[in-house]
A.B. asks: 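Before anything else, here's the structure in question.
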Amino acid sequence: MEVRRAGHAANPRRLGAHLVGDGVDVAVVASRAREVELCLLDPASDGTFTERRYLLRGPVAGVWHGHVPGVGPGQRYGFRVHGHWDPATGLRHNPAKLQLDPYARAIDGEVALVPQIHDHLVGPDLAPLDGGASADPADSAPYVPHGVVVDDAFDGRVPGPRVPWSRTVLYEAHVRGLTMRLPGLPEELRGTYAGLANPVTIAHLKSLGVTTIELLPIHASMSEPFLTAKGLSNYWGYNTLAFFAPEPRYATRAAREAGPQAVLAEVKGMVALLHAAGLEVVLDVVYNHTCEGGAHGPSLSLRGLDNTGYYLHDGVAPARLVDVTGCGNSLDFRRTRVVQLALDSLRYWVEEVDVDGFRFDLAVTLGRNGGDYTPYHPFLVAMVTDPVLSSVKLIAEPWDLGPGGWRTGQFPAPMADWNDKFRNAVRTFWLADAGAASHGHTGHDLRELATRMSGSADLFGLGEVPGGRGPLSSVNYVTAHDGFTLADLVAYDHKHNEANLEGNHDGTNDNRSWNHGVEGAVKDSIAAPILPLRRRSMRNLMGTLLLSAGTPMITAGDEFGRSQHGNNNAYCQDNEISWVGWELAPWRRDMLETTQYLLRLRAEHPVLRPTRFATGRPDPGDDVADLAWFDGAGLAMTAHRWHDVHNRVLQMLRSGRRSADRDALVLINGSLDQQMVTLAEGRGGDYELVWDSAWERPEYQRTTSDSDPLSLIASPHEAVEMESLSMRLYLSMP
């Protein structure tokens, strides 16, 4: 095959494929290669592709570049890399394997699970032959995705609403799972980007009261071979193939048939429509590893371009990958080009696609200098000081599977962290401890719960500036995509992951759940009396989430009690197990109204969303402490009461003077018995009961008020009767 020589790129340092003048400029990192060829793939009449090859110029600081005239949008392309083949030292150059541009902004095609996609010889079962030492000469081009040149122009941009953290409510959702069964959504839009931005979907999100949609990964991804072999797929998408290209399977059929340019336009249109509705879009992104897996995985992109330059190795011979992600490989963030790849990708999604922020999967990996994590890692410092990225929401999943991998509260400002301590404390108090009490056992004292409800100052109160990052940097959650749903937390003591075909060994066993006496669903049986208790426990969990200091995150469907039938690791379930079910039985409608009501209260009352950590003392000119704790007798909590594991009643009083609001008094009864609780004094004025988790629906508050308005008014030092395992919110009378 004739190989032509490419011209000079206008800017050899700009990585990726960009339309310039009469054609396209291309630049790619392959620091240890001898030669790199740009391969332009043109469709033939029989459905195959013919190939035109251009020898790129370089290397210049490890970058190969060139300009090819006559190339426009829609052109498929890839790279073939010539160089030394020595897997024992990490060098895996094999020109028979077409490599995807890491900067490709669109892709076409899927990975076929065949021997040809491996750079080394494998058998029919894809197991390596000769220990993986021999290079495979078979061409991989027909079996791997191709990069596609696109035009970034888009005239439908709508600026984001820039919701301040003090008003942010995150809603974690999956593009496909949220919309696959949504009533009123046209069939052709279900499971798509366009469906997510449809007025039907937006109407639900707006009526719910959330402000920011946090989407599970939409970067192009690949299912792990062991899942494909079992007829399953990686539904969640945490197995990235391309960091710039959107996942095509979430686009409408019309967009996919029109081509990758149309898929990209649909993604941009989704963001624009959500912005127009006042909603932010945050992307869950996976820069810690790629879909190329371990040393015997496929050669699709980074492995064939610059294996030792991109992946973390142990530095000894034979070269071994270091895996701190549990996914077979880890990107090496000591490397300049790895840091550049991540930063360039993030800026692209902000500047071209217009997203409003990111949640970083296994973010500790991104701050590792090989082994140790540091919040002053060059990548983290570069990101939080970048003029583009520092202005959007940045959220860390603050752990990975490597040594010292738990780092909640240890990321730099202005990042926020998922707060697993909050999740564990709330589940433990309302479920695990209550379940233990039902069997005559004691649980934990109240210190951990109070610390989490007040904003987790022990985690987020430290840092480079006084006061640390503040309570809003704590992303509070009770559930997420990974783990039980809210409804399953109150219905299952044990995981039920049999559908994952891993013998129920996958998924965590640390669920801190409580089935209230019967495992699983209960319908018209002798166990039916436990259903009201389960529903109250759900309201307790949701209420604690939305009445605590911090930034709350709700998982899609929890607002009305969706179930995954006890599966706490549904990453491979692209079906009704994972898809949100919208058939709302009466109790589910009640739960939805409760969530909507609590979110309205939170939006209307800044006292419920403090921006600074409390001192426990009154502000100047105030008579009430910014935050105070009382026991069931209305007395200030003492050290003895804090440490008493039998004390399950607590009052939290927060002054609203700083925010020109009413004071908020939260009452918690975590015991299995009804309790008489004497209201704390506060300012000495009356309180209005605005919510009680014993109410099946907030409408109860209105009907009670109409018939007997005084029944909702209580005075300081007045004893009120609380149902077992319940919580209340009082506001001081205006």
Side-chain angles (χ1 to χ4, degrees), residues 15-17 26-33 36-39 41 56 62-64 76-83 87 90-114 116-120 136 139-149 217 219-225 234 237-248 260 285-313 321 325 327-332 335 337-342 344-345 348:
L15 300 175
V26 174
V28 64
V29 173
S31 65
R32 292 158 181 81
V36 177
E37 295 170 342
L38 168 67
C39 303
L41 301 121
L56 295 180
V63 177
W64 300 80
R76 274 69 173 163
Y77 73 101
F79 300 107
R80 296 189 185 273
V81 184
H82 300 259
L91 300 177
R92 310 188 67 95
H93 303 110
N94 185 342
K97 308 305 170 183
L98 187 73
Q99 304 297 325
L100 180 67
D101 181 6
Y103 280 69
R105 301 187 177 197
I107 65 169
D108 181 61
E110 298 180 353
V111 178
L113 200 59
V114 295
Q116 291 90 332
I117 67 173
H118 297 78
D119 59 12
H120 56 286
D136 177 56
D139 185 11
S140 69
Y143 310 104
V144 296
H146 307 149
V148 180
V149 177
H219 286 172
S221 63
M222 168 191 170
S223 291
E224 292 85 347
N234 189 322
Y238 290 93
N239 207 36
T240 306
L241 170 67
F243 296 110
F244 290 76
E247 175 54 57
V285 288
V286 186
Y287 294 105
N288 57 79
H289 77 283
T290 76
C291 67
E292 291 183 308
H296 295 144
S299 180
L300 305 173
S301 182
L302 302 183
R303 172 164 289 147
L305 287 166
D306 202 346
N307 179 53
T308 57
Y310 280 110
Y311 290 120
L312 183 63
H313 290 75
L321 292 170
T325 66
C327 302
N329 64 63
S330 305
L331 287 175
D332 189 350
R335 306 290 187 176
R337 295 302 186 184
V338 173
V339 171
Q340 180 186 10
L341 173 64
D344 287 348
S345 169
Y348 169 76

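A quick note: this is a predicted structure, and the numbers were derived from the prediction, not measured. In what follows, every heavy atom counts, from backbone to side chain, and hydrogens, waters and symmetry copies are set aside.
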A.B. asks: Please report the C-alpha distance between Tyr311 and Ser330 in whole Å, then the side-chain angles of each, then the deciding distance to 0.1 Å, and finally whether the side chain to side chain donor-acceptor pair (under 3.5 Å) criterion is met.
C.D. replies: CA-CA 6 Å; Tyr311 290 120; Ser330 305; over 6 Å; no

A.B. asks: Check whether any side-chain N or O of Asp108 sits under 3.5 Å from a backbone N or O of Arg76 as a donor-acceptor pair, and report yes or no.
C.D. replies: no

A.B. asks: Calculate, to the nearest 0.5 Å, the distance between atoms CG and NE2 belonging to Asp306 and His93 respectively.
C.D. replies: 6.0 Å

A.B. asks: Nearest 0.5 Å, please: how far is CG in Asn307 from CG in Asn329?
C.D. replies: 9.0 Å

A.B. asks: Specify whether His296 and His120 have parallel, tilted or perpendicular ring planes, treating 30° as the upper limit for parallel and 60° as the lower limit for perpendicular.
C.D. replies: tilted

A.B. asks: Within the 4.5 Å heavy-atom criterion, are Glu37 and Leu56 side-chain neighbours or not?
C.D. replies: no

A.B. asks: Work out which heavy atom in Ala17 is nearest to a heavy atom in Tyr77; give both atom names and the distance.
C.D. replies: CB-OH, 3.5 Å

A.B. asks: Side-chain contact, heavy-atom cut-off 4.5 Å: Arg105 with Pro260?
C.D. replies: no

A.B. asks: Is there a side-chain contact between Leu312 and Leu321 in this structure, where contact means two heavy atoms from C-beta onward sitting under 4.5 Å apart?
C.D. replies: no

A.B. asks: Check whether any side-chain N or O of His289 sits under 3.5 Å from a backbone N or O of Cys327 as a donor-acceptor pair, and report yes or no.
C.D. replies: no

A.B. asks: Should Thr308 and Arg32 be marked as a side chain to side chain donor-acceptor pair (under 3.5 Å) after you check the CA-CA gap, both sets of side-chain angles, and the distance that decides it?
C.D. replies: CA-CA 9 Å; Thr308 57; Arg32 292 158 181 81; 2.9 Å; yes

A.B. asks: Mind checking the SG-CZ spacing from Cys39 to Phe79? Nearest 0.5 Å is all I need.
C.D. replies: 8.5 Å

A.B. asks: Might you work through the side chain to side chain donor-acceptor pair (under 3.5 Å) test for Asp332 and Tyr310, ending with a clear yes or no?
C.D. replies: CA-CA 6 Å; Asp332 189 350; Tyr310 280 110; over 6 Å; no

A.B. asks: If you apply the rule side-chain contact (heavy atoms from CB on, under 4.5 Å), what do you find for Val29 with Leu15, and how did you get there?
C.D. replies: CA-CA 8 Å; Val29 173; Leu15 300 175; 3.8 Å; yes

A.B. asks: Knowing that exactly one of Val36, Leu38, Asp139 qualifies, which makes a side-chain contact (heavy atoms from CB on, under 4.5 Å) with Arg80?
C.D. replies: Asp139

A.B. asks: Hey, what's the ring geometry for Tyr348 with Phe244, parallel, tilted or perpendicular (30° and 60° as the breaks)?
C.D. replies: tilted

A.B. asks: Rounded to the nearest 0.5 Å, what separates atom CD in Glu224 from atom OH in Tyr238?
C.D. replies: 13.0 Å

A.B. asks: Walk me through it: do Asp119 and Lys97 pass the test salt bridge (charged side-chain N to carboxylate O under 4.0 Å, His left out)?
C.D. replies: CA-CA 7 Å; Asp119 59 12; Lys97 308 305 170 183; over 6 Å; no

A.B. asks: Considering all heavy atoms of both residues, which atom of Pro145 and which atom of Val111 are nearest to each other, and what is their separation?
C.D. replies: CD-CG2, 3.5 Å

A.B. asks: Just wondering, do Leu100 and Val144 contact through their side chains at under 4.5 Å, heavy atoms?
C.D. replies: no

A.B. asks: Which value, rounded to the nearest 0.5 Å, describes the distance between Tyr103 atom OH and Gln340 atom CD?
C.D. replies: 4.0 Å

A.B. asks: Give me the one residue out of Asn288, Thr325, Thr290 that meets side-chain contact (heavy atoms from CB on, under 4.5 Å) with Leu331.
C.D. replies: Thr290

A.B. asks: Can you confirm whether Gln116 is buried at CD, in the sense that more than 12 heavy atoms of other residues, nucleotides or ligands lie under 6.0 Å from that atom?
C.D. replies: yes

A.B. asks: Under the criterion side-chain contact (heavy atoms from CB on, under 4.5 Å), I'd like the reasoning laid out for Ser299 against Gln99: C-alpha separation, chi angles, the key distance, then a yes or no.
C.D. replies: CA-CA 7 Å; Ser299 180; Gln99 304 297 325; 3.0 Å; yes

A.B. asks: Apply side chain to side chain donor-acceptor pair (under 3.5 Å) to the pair Ser301 and Glu292, showing each step before the final yes or no.
C.D. replies: CA-CA 8 Å; Ser301 182; Glu292 291 183 308; 5.6 Å; no

A.B. asks: Test side-chain contact (heavy atoms from CB on, under 4.5 Å) on Asn234 and Met222; report intermediate values, then the result.
C.D. replies: CA-CA 7 Å; Asn234 189 322; Met222 168 191 170; over 6 Å; no

A.B. asks: Check Trp64 against Ala33 and note the closest heavy-atom contact, atom names and distance.
C.D. replies: CZ2-O, 3.4 Å

A.B. asks: Any chance you could measure Arg92, atom CZ, to Leu305, atom CG, to the nearest 0.5 Å?
C.D. replies: 13.5 Å

A.B. asks: Just to verify, which of Cys291, Ser223, Pro217 counts as forming a side-chain contact (heavy atoms from CB on, under 4.5 Å) with Asn239?
C.D. replies: Cys291

A.B. asks: Kindly determine whether Leu98 and Tyr143 satisfy side-chain contact (heavy atoms from CB on, under 4.5 Å), including the steps that lead there.
C.D. replies: CA-CA 9 Å; Leu98 187 73; Tyr143 310 104; over 6 Å; no

